[in-house]
Student: 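Okay, here's the structure, questions in a sec.
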Amino acid sequence: MKTKTFRRYQAQEIEAKWQKRWEETGLYKTVQDPSRPKYYALTMLPYTSGDLHIGHWYAMAPSDARARFHRMKGYNVFFPVGFDAFGLPAENAAIERCIHPHKWTMGNIEHMRKQLRSMGAMWAWDREAITCLPEYYKWTQWFFLKFYERGLAYKKWAPVDFCPRCNTTLAREQVWGEDRHCERCGTQVIKKDLEQWFLRITNYSEELLDGLEEIDWPERVKAMQQNWIGRSEGAQVVFRAEAGDDIEVFTTRPDTLWGATFMVLAPEHPLVDKLTAEPRRESVQAYKFQASRQSEIERLSAERDKTGVFIGAYAVNPVNGERVPIWIADYVMMTYGTGAIMAVPGHDERDFAFAIRYGLPIIPVIARPDAVAKSLVFPGSVQDMHAFADQLRDAGIDFSAAPVGSLGDGLFVMLQGEEQIDHYVDMMREELQPNNWNEVVGARWAFIFADGVRAFDSVEADREILARCQALYPAVRQYRTLMEMLHSLPFYRDILFHAEYGTMINSGAFSGTPGDRAKGAVTEWLAERGIGGPQVNYRLRDWLISRQRYWGSPIPIIYCEECGIVPVPYQDLPVLLPDDAQFMPTGESPLRYHQGFLNAACPRCGQPAERETDTMDTFVCSSWYHYAYVSPYYDGDVPFDPEVGRYWLPVDQYTGGIEHATMHLMYTRFFTKVMRDLGLVDFDEPMLRLFNQGIILGEDNEKMSKSRGNVVNPDDYVATLGADAVRAFLMFIGPWHLGGSWSSTGIEGTHRFVNRMWSLVLEEPPPPGEAPPADAIAALRRMTHKTIARVTADMHSFKFNTMLAALMEFNNYLVKAKETSVYATAAWDDAIRSLILMVAPVMPHLAEELWEQIGGQYSVHTRPWPQWDEELAADEVITLVVQVNGHVRARLTVPAETTEEQARAAALDNPNVRRHIEGRQVLKMIYVPGRLVSVVVR
RNA sequence: GGGGCGGUGGCGGAACGGCAGACGCUGCGGACUUAAAAUCCGCUGGACCUAGGUCCAUGAGGGUUCGAGUCCCUCCCGCCCUACCA
């Protein structure tokens, strides 16, 4: 069968041939063509690490395939690429290897361009942008100035996260994990008090949240951004310290205000020093010191035990005039809300733990929605334990008898509902022995004494009842509050505290307010009385962009002794990085020690002044790179050509990893909103659709890392099997959004596919046979059109794995069909052409070569995507499944146009079906057209 | 604690509520070859078996349905994000 002229597929030769040809003919040159709908497909730009690893391929190759698909579908597709070129590794290389960051970076880019070319992707190289070039960062600085003008860039002293290894500050979202390590190098961060530049992203909190609704992004990313923004609705309340200072707190539970029995400030709260009473000053200072160290040292060892100290001052609870002590504790964060809380130990788990530990009063102010109460009947507290137990049983009350310490058997009573509780209290009042008491806790808070029942409903009641109990039972003297006493009994522990909404109790005039109205009613009342009101709080913090490093865009600011902070005038941009800086790991920017850079004339008064030496977080550069792409290094008044921007923007489809959910993807949305406010764009969101690919793992199903030795180098496979086989395999591994693991044997599958398709199209045909029967032609057409439908749908919905499965099936089908007489018919030619066209986005080189070999017009990548015809794709015969009581009993091959009557009859006529319904009564039959007949028998 | 994503053969994975395991890898058997590689052809979840079938199988257990991998409830396990968030 094999002939002398047939040559096996030579990937290297053919891939190189077409890459060269594509470049020469400008196949991927960007054109503005108003006659076609535009499609801006973007994949997250790579960092210039120097080497394109398999993860890059995994992110880029499927994106490229989909961009190509859209091009064939008739869109004018823009698929640009560039480099995120500023950042620490370049500078670290400079320190370690004495190579200038610029040189290191540009060398890496050179190498990465080669690797990117080997992928055979349709990159718009004519729009490449590199963020570290002055022509680029001029505009990054321009943005900074615009932000500054609008009050969106500001400088402040703040305790900031600092990576001691990278020697720079980090934004909050660049600090990862429970141990708070640096996102880049993994070193644990420390806190440093530094004056830093921030971008006021919090001005857009609400809009960043609302905007999520209008974009087609994965739920996962939206959820992460929602959580990160962390909107919570509640109330602001002002407590007045006895010294006269107002302490503002934020609470989501204003309905629990009457239960606020103390306050807690963050140790760094500005009022702490002022309010601390002299006798407490020493211990407060000690605690503050320890708290500040704690964030530096290992926080894991803190074990989350609640600790704190009383500062010796009091405030007044504005709703009931109660005097409440003020504490500081490290479980209150200065970075959230106001850095101060009203503590409601009855209904907040942390406050509860704190109050129990320090003996602070705990008063329940919200009824239990489950109406469950408990009571422990102590041995000897009723006359006759057995008789009392009988009474409980008669009343239908749930209880169990068990020993209480060494005191003998007691009764552990579980009560449910008001009626039962009332009944129990009555019974207990009858039976209680003198010099004893009994308590009901949970849905009711009552202490039953010989002379009557005392409700536990206030701090005074707490004190009084506790005193009586201590008088009756001296062992109780070790407890400072009733709750502490109750908490000492394990039986009660689960019922002393709850955080549900419920009817307000012990709350003055508000007592009885139902849980669904309580929050609103109290908030309104606070506002009326001028002591608080509704408030929305966000978790989102402003974006810290100062970095104490050299290899970033300088912040265009000059400090003048006379004029203060002076922005660099626009015409002086860019503020260039000097290329002769000294790289030393000092913890300060090398620019600090570069006199030529540091010293400048004040743009306002002309006097000697100093430049800002911090550079910008690289995420600032990448927040607008997709705008730069439309007209890189634009030389106009704005960062990109407005006319070109109007044509291409916004991004239609963005793809990339999930790791940027709360960083890049948040920042770039923020930038776009500011750009809109600046009049640069007329839309609200930068990327209309987003798709996150998963992570490619090593052969062993573990993350690829040098230490594991499981890193896959795509170059090796490209050199041996060709880029097309690598591209196809990456798409074939599994659902793109779930990621998958590399397999050096698995890639053989797509490699064989390449070869099988090659010989299918080019290997010598079989000897001519007889004219094919009409149904063989129809079957071939059916397969062709079905495959087109499947591949088109899968390509559309990112199901690259099943798309390749469909292509492989089609190829396998054609390999078999080639042996028959359908070869050399028009249907055959259509099939082969369709196959090549459909394969083109996935394996662009193979497709282009085969297309040329069958006499197709250059280039296959500009041919229209094949269409399918429903009628041609329709089956002539179908397999009808027959179930009896849900079990498959027969598979019938019937014509597609079989009627329901015929289907039922055929089903009942099948011998195996007959065997299973014999002697039974047919109750009903369900018919699903084209699929099955389900017979139900008894 | 909160949020998200998963759990299907030896492996990666398919499966509008309707034939579980498409496609591929691996393995086994065969063809070609002096031999090997490559290529091609079979078989490849388990157990029965009268060879026509039957039963068991999609993390566990319930439920809805003529019918559940798919929908609902309870639980278990894994991964990711987030977290004293007031």
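Naming convention: chains lettered A, B, ... in sequence-line order (proteins, then strands); numbering from 1 in each chain.
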Student: Rounded to the nearest Å, what distance is computed from the OH atom of residue A:Tyr9 to the C1' atom of nucleotide B:U39?
Tutor: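 Going from OH in A:Tyr9 over to C1' in B:U39 covers 19 Å.
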Student: Distance between the C1' atoms of B:A20 and B:G29, in whole angstroms?
Tutor: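 Those two atoms are separated by 27 Å.
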Student: Ignoring hydrogens and geometry, is there a side-chain-to-backbone donor-acceptor pair from A:Arg727 to A:Pro841 under 3.5 Å?
Tutor: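 Yes.
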Student: Classify the ring geometry of A:Phe798 against A:Trp736: parallel below 30°, tilted from 30° to 60°, perpendicular beyond 60°.
Tutor: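 If you compare the ring of A:Phe798 with that of A:Trp736, the planes turn out parallel.
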Student: Are the aromatic rings of A:Tyr717 and A:Trp742 close, with centres under 6.0 Å apart?
Tutor: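 Under 6.0 Å, so yes.
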Student: Report which part of the nucleic acid A:Ser759 touches: base, sugar-phosphate, or nothing (heavy-atom distance under 4.0 Å, all strands).
Tutor: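 Result for A:Ser759 = nothing.
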Student: Could you give the distance separating B:G2 and B:C75 at their P atoms, to the nearest angstrom?
Tutor: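 Pairwise P distance, B:C75 against B:G2, rounds to 12 Å.
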Student: For the pair A:Tyr813 and A:Thr784, evaluate side-chain hydrogen bond (donor to acceptor under 3.5 Å, both in side chains) and give the outcome as yes or no after the intermediate values.
Tutor: CA-CA 10 Å; A:Tyr813 178 93; A:Thr784 306; over 6 Å; no
Student: With sugar-phosphate meaning primed atoms plus P, OP1 and OP2, does A:Asn801 contact a base, only sugar-phosphate, or nothing at under 4.0 Å between heavy atoms?
Tutor: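 If one applies the 4.0 Å heavy-atom cut-off, A:Asn801 turns out to touch the sugar-phosphate alone, with no base involved.
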Student: Using the rule given for side-chain hydrogen bond (donor to acceptor under 3.5 Å, both in side chains), can you reason through A:Tyr9 versus A:Ser759, listing the C-alpha separation, both sets of side-chain angles and the distance that settles it, and then say yes or no?
Tutor: CA-CA 8 Å; A:Tyr9 183 62; A:Ser759 41; over 6 Å; no
Student: Just how far, in rounded Å, is C1' of B:A86 from CD of A:Gln535?
Tutor: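 In whole Å, B:A86 C1' lies 12 Å from A:Gln535 CD.
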Student: Measure from the side-chain heavy atoms of A:Arg539 and tell me the nearest of B:C19, B:G13, B:A83.
Tutor: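 From the listed options, B:A83 comes nearest.
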Student: Who passes salt bridge (Lys or Arg N to Asp or Glu O under 4.0 Å) against A:Lys786, sequence neighbours left out?
Tutor: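 Once residues adjacent in sequence are excluded, the partners of A:Lys786 under the salt bridge (Lys or Arg N to Asp or Glu O under 4.0 Å) criterion are A:Asp875.
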Student: Pick one for B:G30: is it syn, with its angle within 90° of 0, or anti?
Tutor: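 With its glycosidic angle more than 90° from zero, B:G30 counts as anti.
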Student: Kindly say whether A:Gln236 contributes a backbone atom to a donor-acceptor pair with the side chain of A:Glu248 at under 3.5 angstrom?
Tutor: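 No: the side chain of A:Glu248 does not pair with the backbone of A:Gln236.
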Student: Rounded to the Å, how far apart are A:Ile341 CD1 and B:A86 P?
Tutor: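 Distance check: A:Ile341 CD1 to B:A86 P gives 11 Å.
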Student: What is the distance, to the nearest angstrom, from the CZ atom on A:Arg231 to the P atom on B:A86?
Tutor: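 From A:Arg231 CZ to B:A86 P: 13 Å.
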Student: Where does the angle between the aromatic ring planes of A:Phe352 and A:Phe497 fall among parallel (under 30°), tilted (30 to 60°) and perpendicular (over 60°)?
Tutor: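 It falls in the tilted class, 30° to 60°.
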Student: Do side-chain atoms of A:Arg541 reach the backbone of A:Arg539 as a donor and acceptor pair under 3.5 angstrom?
Tutor: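 Yes, because the side chain of A:Arg541 sits within donor-acceptor range (under 3.5 Å) of the backbone of A:Arg539.
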Student: Send over the distance from A:Arg357 CZ to B:C84 P, rounded to a whole Å.
Tutor: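 Taking CZ of A:Arg357 and P of B:C84, I get 19 Å after rounding.
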Student: Which nucleotides of nucleotides 3-8 of chain B have their base under 4.0 Å from a protein heavy atom (B), which only their sugar-phosphate (S), and which neither (-), written as one string 5' to 3'?
Tutor: SSS---
Student: Over how many whole Å does the gap from A:Leu760 atom CG to B:C40 atom P extend?
Tutor: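 Taking CG of A:Leu760 and P of B:C40, I get 12 Å after rounding.
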Student: Dot-bracket, RNA chain B: Watson-Crick or G-U, under 3.5 angstrom, [ ] crossing, | other strand?
Tutor: (((((((..(((.....[....))).(((((.......))))).((((....))))..(((((..]....))))))))))))....
Student: With a 4.5 Å limit on heavy-atom distance, are the side chains of A:Met504 and A:Val365 in contact?
Tutor: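 Counting from C-beta outward, A:Met504 and A:Val365 never come under 4.5 Å.
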Student: Could you label the plane-to-plane angle of the A:Phe354 and A:Tyr358 rings as parallel, tilted or perpendicular, counting under 30° as parallel and over 60° as perpendicular?
Tutor: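 Tilted.
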Student: Holding to side chain to side chain contact (heavy atoms under 4.5 Å, CB included), I want the full list of residues that pass it with A:Thr802, two or more places apart in sequence or in another chain.
Tutor: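 For A:Thr802, the residues satisfying side chain to side chain contact (heavy atoms under 4.5 Å, CB included) (neighbours in sequence not counted) are A:Asp794, A:Lys799.
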Student: Mind checking salt bridge (Lys or Arg N to Asp or Glu O under 4.0 Å) for A:Glu233 and listing every partner two or more places apart, or none if nothing turns up?
Tutor: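 In terms of salt bridge (Lys or Arg N to Asp or Glu O under 4.0 Å), with neighbours along the sequence ignored, A:Glu233 is linked to A:Arg231.
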Student: When rounded to the nearest Å, what value does the distance between P atoms of B:C55 and B:C5 take?
Tutor: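 Between the two P atoms, the distance is 37 Å.
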Student: Expressed in whole Å, how much space separates the C1' atoms belonging to B:U39 and B:G17?
Tutor: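 Result for the C1' pair: 43 Å, nearest Å.
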Student: Of the nucleotides B:C41, B:G13, B:A86, which one has an atom closest to the side chain of A:Pro735?
Tutor: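 When the side chain of A:Pro735 is considered, B:G13 is the closest of B:C41, B:G13, B:A86.
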Student: Using a cut-off of 4.0 Å on non-hydrogen atoms, how would the nucleic acid contact of A:Val344 be classed: base, sugar-phosphate, or nothing?
Tutor: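 Nothing, no heavy atom under 4.0 Å.
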Student: Could you list by number each residue of residues 254-271 of chain A showing a heavy-atom separation from RNA chain B of less than 4.0 Å, or answer none if no residue does?
Tutor: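 RNA chain B contact set from residues 254-271 of chain A: none.
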Student: May I have the distance from A:Leu721 (atom CG) to B:A38 (atom P), rounded to whole angstrom?
Tutor: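 For the pair A:Leu721 CG and B:A38 P, the rounded distance is 12 Å.
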Student: Taking B:G9 as the reference, what is the distance to B:U70 when you measure between their P atoms (whole Å, please)?
Tutor: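 One P to the other, the span is 15 Å.
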Student: Ignoring hydrogens and angles, tell me if any N or O in the side chain of A:Asp542 forms a donor-acceptor pair with the backbone of A:Ile201 under 3.5 Å.
Tutor: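 Yes, A:Asp542 side chain to A:Ile201 backbone: donor-acceptor pair under 3.5 Å.
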Student: What residues, two or more places apart in sequence or in another chain, satisfy salt bridge (Lys or Arg N to Asp or Glu O under 4.0 Å) together with A:Glu699?
Tutor: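 If we apply the salt bridge (Lys or Arg N to Asp or Glu O under 4.0 Å) test to A:Glu699, skipping adjacent residues, there are no hits.
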Student: Quick check: does any side chain N or O of A:Asn227 sit under 3.5 Å from a backbone N or O of A:Gly230, one acting as donor and the other as acceptor?
Tutor: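 No.
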Student: How would you summarise protein contacts on nucleotides 48-56 of chain B per nucleotide, using B for base, S for sugar-phosphate only and - for none, with heavy-atom distances below 4.0 Å?
Tutor: -----SSS-
Student: Below 4.0 angstrom, N of the basic side chain to O of the carboxylate: do A:Lys306 and A:Glu349 qualify?
Tutor: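 A salt bridge is absent here (no side-chain N lies under 4.0 Å from a carboxylate O).
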Student: When you measure from the side chain of A:Asp724 to the backbone of A:Leu846, do you find a donor-acceptor pair of N or O atoms at a distance under 3.5 Å?
Tutor: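 Yes; judged by distance alone, with no hydrogens or angles, the pair exists.
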Student: In whole Å, measure the gap between the C1' atoms of B:C40 and B:C48 for me.
Tutor: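 Roughly 35 Å separates the two C1' atoms.
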Student: Can you find a pair of side-chain heavy atoms, one from A:Val332 and one from A:Leu265, that are under 4.5 Å apart?
Tutor: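 A:Val332 vs A:Leu265: side chains apart.
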Student: At under 4.0 Å between heavy atoms, how does the protein contact nucleotides 23-33 of chain B? Give one character per nucleotide, 5' to 3', with B, S or -.
Tutor: BSSS-------
Student: Does A:His347 use its side chain to pair, donor to acceptor, with the backbone of A:His498 at less than 3.5 Å?
Tutor: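 Yes: the side chain of A:His347 pairs with the backbone of A:His498.
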Student: Stepwise, does the salt bridge (Lys or Arg N to Asp or Glu O under 4.0 Å) test hold for A:Glu918 with A:Arg914?
Tutor: CA-CA 6 Å; A:Glu918 204 169 65; A:Arg914 285 228 299 269; over 6 Å; no
Student: Should the pair A:Arg790 and A:Phe810 be classed as cation-pi, given the thresholds of under 6.0 Å to the six-membered ring centre and 45° from the axis?
Tutor: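 So A:Arg790 doesn't make the cation-pi contact.
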Student: Would you please name every residue forming a salt bridge (Lys or Arg N to Asp or Glu O under 4.0 Å) with A:Lys288, sequence neighbours left out?
Tutor: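 If we apply the salt bridge (Lys or Arg N to Asp or Glu O under 4.0 Å) test to A:Lys288, skipping adjacent residues, the hits are A:Asp273.
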Student: Between A:Asp351 (CG) and B:C84 (P), how many Å, whole number?
Tutor: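 These atoms are roughly 15 Å apart.
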Student: For the C1' atoms, the ones on B:U58 and on B:U8, what distance do you get once it is rounded to whole angstrom?
Tutor: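 Between the two C1' atoms, the distance is 4 Å.
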Student: Set out, line by line, the N/O atom pairs under 3.5 Å between protein and nucleotides 70-72 of chain B.
Tutor:
none

Student: Here's a test of your reading of the structure: between A:Ile733 and A:Val332, which maps to the more 5' nucleotide of RNA chain B?
Tutor: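 Per heavy-atom nearest nucleotide, the more 5' residue is A:Ile733.
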Student: Where do N or O atoms of nucleotides 66-68 of chain B meet protein N or O atoms at under 3.5 Å, pair by pair?
Tutor:
{"residue": "B:C66", "atom": "OP1", "partner": "A:Lys924", "partner atom": "NZ", "Å": "3.2"}
{"residue": "B:C66", "atom": "O2", "partner": "A:Ser934", "partner atom": "OG", "Å": "2.6"}

Student: Distance between the C1' atoms of B:G13 and B:C81, in whole angstroms?
Tutor: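 Straight-line distance between the two C1' atoms is 26 Å.
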